[in-house]
Every structure is written in structure tokens, then in C-alpha cells.
Amino acid sequence: MLPVRKEIIARLASLTGLPEPEVETSLEIPPDPTLGEYAFPCFPLARRFKKAPQLIAAEMAEHDWPSDYVERVESVGPYLNFHVRRSYLYNTLLPQILREGPVYGILAEGKGKTVVVDYSAPNIAKPFSVGHLRSTVIGNALCRLYRSLGYKVVGINHLGDWGTQFGKLIVAYRQWGDANRLLEEPVQYLYHLYVRFHQEAESTPELEEEARSWFRRLEQGDREARELWEHFRALSLEDFQRLYRYLGISFDSYMGESDYNDRLEETIELARSRGLVKESEGALVADLEPYGLPTCLLRKKDGAALYITRDLAAAIYRHETYSFDQMLYVVGAEQTLHFQQFFKLLELMGFSWAGNCTHVPFGLIHFKDGRMSTRQGKVIFLEEVLKRAVELAREIIEEKNPSLNEKDSVARAVGLGAVIFGDLINDRIKDVEFDWEKILDFAGETAPYIQYSHARVCSILRRAAAEEMISANGMDTELKETTTSGDAAPLKVHNSFGEPEEETLIIAMAHFSEEIVRAVRDNRPSYLARYLLELARGFNKFYHNCPVLTASEEIRQRRLQLVAGVRIVLRNGLALLGIEAPQEM
RNA sequence: GACUCCGUAGCUUAACUGAAUAGAGCACCUGACUACGGAUCAGGAGGUUGGGGGUUUGAAUCCCUCCGGGGUCACCA
């Protein structure tokens with residue numbers, strides 16, 4: 001937390017008698033920068049002191065506030081508004097940003113704590129569709145956000161590599177399969193077989209029973225079934241990993257559903273020993289009605305375990321292995337009930353850490369005319385979306401900046417950025433309609449807008465560096481990721497603080513780490529995405545109104561530092577969302 | 001049917017979890033490169049926050065109800 005904020009909270013707490021956390025949550029950022037950098041609404045105090053909030057604010061404003069951080073405090077109606085000292089912002093905070101560079105915004109709040117993030121989890125043998133985009137992108141951003149707060153993060157890809165769909169695939173492959181085509185395009189081809197299976201099963205329902213029987217054989221370790229399964233699994237995994245590499249995503253563990261096969265029995269036994277299990281129509285169920293939840297099935301009458309049993313086994317295993325302080329499941333909102341049952345069962349099984357497990361739900365991606373369906377072949381491959389986005393970025397580069405170097409990597413950064421950001425920008429709980437036009441939009445509230453701002457920042461710094469060495473200001477001439485450490489010459493002390501556009505920028509930069517904390521607190525990367533948009537907007541206004549390179553020396557120095565700071569925050573912020581920031585585009 | 005989520009400008013949406021004049025983007029209209037990149041910027045128009053009640057000093061936000069849409073509800077994950 002910024003020392004200004006800390007000081008304001010502490011002093012408000014002692015003045016009002018409210019506990020610090022309470023002050024902290026009610027401390028807000030005023031809607032208009034002319035109202036100051038922080039605001040404290042006095043409404044809650046009205047009842048306590050039996051006085052009008054306006055009066056309370058006015059009285060509190062009389063207090064002796066000024067300090068190294070705080071310049072003045074004013075009451076505006078029922079609000080107590082804090083104006084932070086410009087000299088602090090420009091002469092302490094800004095140098096700190098420039099000094100810390102790539103690690104600016106990184107805090108130690110999660111130090112010593114471990115958080116497990118379960119995300120992406122595609123089904124092997126099913127295509128990686130845009131439907132999987134959300135979990136993948138949100139999970140990745142959360143991993144990076146938690147890491148930036150000092151948490152040890154374990155990203156787990158709980159692969160859907162077990163289940164009756166493998167019975168279907170084996171049946172389809174044995175009947176219509178072609179080994180060569182499988183090797184050429186594994187996931188595509190398996191998907192083709194999967195769709196064909198369902199088509200044929202319409203007219204030949206016996207196929208379904210055959211599939212169940214093959215899955216049973218697989219579970220019993222039948223050699224042919226096992227070999228096919230392993231083959232399918234290995235090929236699919238390779239394909240997925242190619243995609244993850246392309247997206248710049250990596251996992252700490254690829255333990256999938258099949259890896260818990262040998263722990264299912266003991267999990268069921270544990271539940272049984274707690275008196276949670278009873279038999280019903282040949283199956284094993286857990287009765288959760290006393291807790292207002294529907295009964296759930298742990299084992300089918302044919303002996304096969306279900307999803308929830310696997311999740312229980314996996315959770316227990318993960319706690320043994322990582323002894324996490326928190327575990328997040330980045331899984332669609334349609335599974336909310338499942339997670340309620342799952343967490344309740346963990347609790348009833350006696351695991352005190354059940355309360356540290358959180359479902360991070362998100363809305364469905366659907367078409368205008370209904371939801372996507374793998375079975376019916378109504379899906380859009382994520383790979384196709386990414387490819388088209390990158391191609392489009394490439395076309396725009398050819399049109400606007402044909403002399404650009406490294407067009408391919410820039411096109412990739414911009415195209416992928418647009419898709420990723422497009423998913424992260426909105427509240428994750430909302431359903432989204434799949435729309436080519438929207439997903440390929442590069443103007444307005446998009447990653448390319450932020451990336452473009454960043455590229456212009458870099459352009460200014462590059463020109464400035466060409467004219468004079470500004471490396472002493474925390475930026476080396478190559479614009480590499482380096483930060484100059486303590487040996488840099490001290491920055492010039494600013495005594496004048498410039499235009500409103502400059503104010504907006506420095507204040508926005510001051511709030512960076514607060515936005516990260518907020519995004520982590522609510523597991524909502526969208527907060528950070530919005531913030532970056534706001535900062536980029538602020539920069540663009542500044543850019544059009546405040547010349548940097550041609551300004552007088554004092555102003556030029558100040559603005560150069562400001563711009564260098566913006567570069568760091570935009571770049572770090574995008575990185576936290578899993579998006580690259582090219583220097584030119 | 002029960003439970004649950006969502007409903008804000010023509011479209012996509014924000015609002016720091018109950019507070020300052022509901023803020024953006026797209027599309028539309030008008031302007032801006034003899035200053036650092038026009039993937040940009042300035043301005044205009046566009047709102048009974050689905051309807052109706054209630055709680056509160058204060059409601060887009062909480063409660064009730066109705067309408068519309070999504071999701072889930074024992075042998076899928």
C-alpha cells in the first residue's frame with residue numbers, strides 16, 4: 001500500500017475511532033480529479049455522532065492534516081477530500097516507479113502464502129473451442145496477479161482426460177478411424193470422430209451402449225482400450241501445449257482426471273466413514289438435503305466414479321501436496337451447484353480448509369441462436385479465432401506501418417492481445433455472445449488501444465534518447481527491460497507541477513497497485529483492464545495537449561519522466577493480464 | 001416446477017460493493033497532423049438503470065413482486 005494511503009487511513013481511524021479496515025474499505029477515489037486523490041464519505045459517521053455528515057466533514061477538515069504526503073484536506077458536502085502533495089507524487093513516487101521499473105506495482109502482501117489456481121482444463125479428445133478461452137485467460141491473469149502480490153502460485157490444468165467420451169472415441173476410431181489422419185491433425189480428427197459418433201448414434205442407438213462398454217474396459221485396464229486412450233491423450237496434449245505456448249501460458253501441473261483413479265476408493269471410504277454415504281438404486285450417493293442442497297451421486301451403479309468424487313480426491317491430494325492457503329477454481333457459472341456440493345462435502349469430510357476453496361465463475365460464450373455444442377459440431381475453434389486475429393493485425397500493420405521490423409511478433413502480440421483483453425475487460429460473470437466483429441475489434445476499448453499508447457510512449461522516449469542520454473532517468477537508450485539501480489544520477493527535483501493532463505497521469509500511476517489489490521480481492525482481472533484503459537486514455541489526452549520533446553528544459557524533463565512512468569505501468573499492467581506490449585506497432 | 005445468475009444510451013458495457021452530475025466504447029454528425037505515430041484527439045447527439053412496490057438521510061446497487069433471457073436440478077464434466 002502506498003504510504004500516503006496508509007497515513008490517511010491511520011489518521012482517519014484514530015480521529016473517528018473506526019477500525020482501520022473499515023476506514024480502508026470506505027476510502028474511495030473521487031470521481032473528478034479536482035476533488036483530490038482520496039475521499040472519505042462521512043455518512044456512516046452521521047449516526048454515530050448524531051450529526052449531519054456535512055457538518056462532520058467540515059469539522060474534520062479543520063483538523064491539522066498537512067504532512068509529508070498530504071497537502072490539504074477539504075470538505076465538500078459530506079465528503080472529506082484529500083489532496084496529496086504534488087512534491088510527493090513527482091519527487092518521491094515518480095522516481096520510485098522509474099527506479100523499480102518492471103517490478104513496480106509488485107507487493108509483498110501474499111508473501112509466504114500459496115494459492116492453487118485450477119483453470120483451463122480442456123477435455124482431451126474434444127476441440128479447444130472459444131468456450132475454453134475464458135477459463136484459460138481469466139485463470140492465467142489471476143495467476144499472474146497473485147504472483148505479483150508475492151503469493152506462491154500453483155497453476156493446475158486439470159485435464160478432462162477420463163470419462164465416457166473415451167468410450168465413444170474408441171468405438172468411433174475402431175469403426176471409421178484412419179491412423180494417418182489422426183497423426184496429421186489429432187485434435188481436429190478426434191473431434192471429427194466424436195461428431196460422427198453422435199450422428200451415427202441417432203440412427204444406431206446401440207453405439208451408446210457399446211461406448212459405455214468400451215469405457216468400462218478402459219477402466220478395467222483392457223490393453224487395447226488403454227493403448228488407444230494413451231495415444232489419444234498424448235496427441236491431444238501435444239496439441240494443447242502448442243496452443244498454450246502460442247498464448248504464452250504455462251502450467252505448473254498437468255495432473256488430469258485420470259491421475260486420481262487410484263484414489264477414488266479411499267475418497268469414497270473416507271466419506272463413508274463420516275456417515276455421508278448411502279446406497280440408492282445401486283449407486284452411492286451423499287445426502288446433502290439437510291444443507292439445502294440436492295443429493296449428489298458419488299458412484300454410479302456400474303461402479304464408475306463421478307466428477308465430484310474425482311474433484312474431492314484431487315482437492316485432498318492438492319492440499320497434501322501444496323498445503324495451499326487458497327484454492328481457486330476458474331470454472332463456468334453453470335457448475336455453481338456442483339461446487340456448492342463439492343465444497344460442502346469437503347467440509348463434512350472434516351477438512352477445515354474447505355472454506356479456503358473458491359469457485360471463480362464466469363458466464364457462457366454462446367451464439368446468437370443458442371449455445372455451442374461439441375456434439376453437434378457447433379463450435380468455433382480457439383485456434384481459428386487467434387489465427388484470424390493475428391492475420392488481421394498483420395494486415396493493419398501492412399497498411400499503417402509497412403516499414404515496421406518484426407511484423408510477425410508484433411502482429412501476434414496485437415492480435416492475441418485484442419482477443420485476451422476482449423475477454424478480460426468485462427465482468428466475468430456475464431454471458432457473452434460470440435461475434436467475429438467484436439472479437440476482431442482493434443479500436444476503442446481494446447488492447448491495441450493500450451498497446452498503441454505504449455508504442456507512442458516508447459516513440460517519445462526513443463527520440464529523446466536519440467537526442468540526449470536519458471538513461472540517468474531510469475530508462476536506458478535501448479529501451480530494454482532494464483532498470484537503472486541505485487547508481488543512477490539523482491532525478492531532478494520538480495518545483496512546478498504542470499497541466500491537468502499531467503496531474504491525471506501521475507495520480508493514475510499512484511493508484512496502480514491499489515487496482516491490483518482490488519482485482520485480486522475480487523478475483524476480477526477486469527478491474528485492472530479498466531484501469532489500464534483509463535491510464536492509456538489519460539496518456540492520449542496528455543499526448544495531444546502537452547508537447548514533450550519541444551518543451552522548455554524543465555518541463556521537458558518532468559514530462560519525460562512522466563512518460564517513462566506511464567510506459568512502466570502500461571507494460572507491467574498488460575503483462576499481468578498476459579498481454580505483450582510491443583515498442584512499435 | 002424449484003433454485004440460481006443476468007437485465008443500464010440503437011449496440012457492447014462501467015460505476016471501487018449503499019453515496020458526489022450514471023461514466024466509457026462502437027455506430028452516427030462536426031472538427032484536428034507546417035509538435036513527439038490519425039490504431040489518436042476535441043466537440044455534438046443519445047438514459048424514467050426491464051416494470052411496480054419497499055428499506056434508507058441516500059438505491060443501478062439491498063428486500064419483495066411481476067416481466068424477459070441464460071443456467072442448473074441422481075448415474076456427463
Side-chain angles (χ1 to χ4, degrees), chain A residues 25-32 35 39 41-44 46-47 52-53 76-79 81 121 123 126 160 162-165 257 280-285 292-302 304 306-308 310-311 331-338 340 361 363-364 366 370-371 393 396-397 399-401 414 422 425-427 429-433 435 437-438 441-446 448-449 451-453 455-464 511 514-515 518 521-522 526-527 530-531 533-534 536-537 539-541 543-551 559 563 584-585:
Chain A
T25 52
S26 53
L27 193 68
E28 45 188 80
I29 297 171
D32 182 339
L35 292 169
C42 295
F43 304 99
R47 199 166 294 133
V76 177
Y79 288 87
N81 292 340
N123 274 326
K126 285 194 196 172
W162 202 253
T164 39
Q165 75 263 29
E257 291 172 19
S280 169
E281 297 168 39
L284 290 184
V285 302
L293 292 167
T295 299
C296 73
L297 214 55
L298 298 177
R299 192 168 71 190
K300 301 195 275 186
K301 61 176 173 232
D302 68 5
L306 279 100
Y307 179 45
I308 197 160
R310 261 168 228 287
D311 263 354
V331 178
E334 72 276 10
Q335 292 193 37
T336 300
L337 179 59
H338 162 77
Q340 285 172 347
L364 227 55
H366 59 89
R371 63 189 292 178
I396 296 175
I397 289 168
E399 177 200 327
K400 310 214 175 205
N401 196 356
V414 173
I425 181 67
N426 289 325
D427 191 352
I429 200 66
K430 302 210 175 184
D431 287 350
V432 295
E433 187 179 287
D435 179 352
E437 255 184 55
K438 218 189 156 202
D441 190 5
F442 289 13
E445 298 182 315
T446 64
Y449 176 85
Q451 289 168 319
Y452 182 66
S453 311
R456 294 217 286 206
V457 164
C458 290
S459 177
I460 293 176
L461 295 174
R462 207 162 36 232
R463 283 166 180 276
H511 290 309
E514 290 161 15
E515 292 295 333
R518 209 159 74 86
R521 189 193 63 208
D522 282 9
S526 59
Y527 291 160
R530 294 259 161 211
Y531 164 81
L533 222 35
E534 200 56 40
R537 223 194 311 272
F539 168 75
N540 280 312
K541 287 180 189 190
Y543 180 88
H544 281 273
N545 293 317
C546 308
V548 177
L549 299 175
T550 56
R559 290 184 179 167
V563 166
E584 296 177 71
M585 60 187 273

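In the text below, chain A, chain B and the rest are named by the order of the sequence lines, each starting its count at 1. As the structure is a prediction and not an experimental result, all values here were calculated from the model. Hydrogens, waters and symmetry mates are skipped; everything else that's a heavy atom, side chains included, is used.
- Distance noted for atom C1' between G23(B) and A14(B): 6 Å (whole Å).
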Encode nucleotides 31-36 of chain B as B, S and - characters from 5' to 3', where the letter depends on protein heavy atoms closer than 4.0 Å: B to the base, S only to sugar-phosphate, - to neither.
----BB
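- A sub-4.0 Å separation between OP1 or OP2 of A15(B) and a side-chain N or O of Tyr531(A) is absent.
- The nearest whole Å value for the distance from the CD atom in Glu437(A) to the P atom in G10(B) is 19 Å.
- Take Pro53(A) and apply the side chain to side chain contact (heavy atoms under 4.5 Å, CB included) test, not counting sequence neighbours, and it matches Cys42(A), Phe43(A), Ala46(A), Pro78(A).
- In RNA chain B, runs of at least 3 consecutive Watson-Crick or G-U pairs, each pair with both distances below 3.5 Å, span B:1-7 with B:67-73, B:10-13 with B:23-26, B:28-32 with B:40-44, B:50-54 with B:62-66.
- G47(B) and A60(B) are spaced 11 Å apart, taking the C1' atom of each and rounding to whole Å.
- With Tyr543(A) as the aromatic partner, Arg456(A) meets the cation-pi criteria of under 6.0 angstrom to the ring centre and within 45 degrees of the ring axis.
- As a whole-Å value, the separation of Asp441(A) CG from C26(B) C1' is 7 Å.
- A59(B) and U49(B) are spaced 11 Å apart, taking the C1' atom of each and rounding to whole Å.
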Evaluate Asn540(A) against Tyr452(A) for side-chain hydrogen bond (donor to acceptor under 3.5 Å, both in side chains), listing each step before the verdict.
CA-CA 10 Å; Asn540(A) 280 312; Tyr452(A) 182 66; over 6 Å; no
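- Listed here is the closest heavy atom pair of Arg530(A) and Asn426(A): NH2-OD1, 2.9 Å.
- Applying the side chain to side chain contact (heavy atoms under 4.5 Å, CB included) rule to Leu337(A) yields the partners Leu293(A), Pro294(A), Gln340(A), Gln341(A); only residues at least two apart in sequence or on another chain are considered.
- Distance, Ile29(A) CD1 to A20(B) C1': 15 Å, rounded to whole Å.
- When the C1' atom is compared between G10(B) and G70(B), the two are found 23 Å apart, to the nearest whole Å.
- By the side chain to side chain contact (heavy atoms under 4.5 Å, CB included) test, Pro30(A) pairs with Leu35(A), Ala39(A), sequence neighbours left out.
- For Asp427(A) and U49(B), the CG to P distance is 21 Å, given to the nearest whole Å.
- The side chain of Lys430(A) contributes no N or O atom lying less than 4.0 Å from OP1 or OP2 of G70(B).
- For the C1' atoms, the distance linking A24(B) with C62(B) amounts to 26 Å, nearest Å.
- The distance between atom CD of Glu534(A) and atom C1' of U13(B), rounded to the nearest whole Å, is 14 Å.
- Here Lys438(A) does not reach the OP1 or OP2 of U12(B): none of its side-chain N or O atoms lies under 4.0 Å away.
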In B/S/- notation (B base, S sugar-phosphate only, - none; protein heavy atoms under 4.0 Å), nucleotides 72-77 of chain B written 5' to 3' is SSBBSB
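- RNA chain B is contacted by both Arg518(A) and His366(A); Arg518(A) maps to the nucleotide lying nearer its 5′ end (nearest heavy atom per residue).
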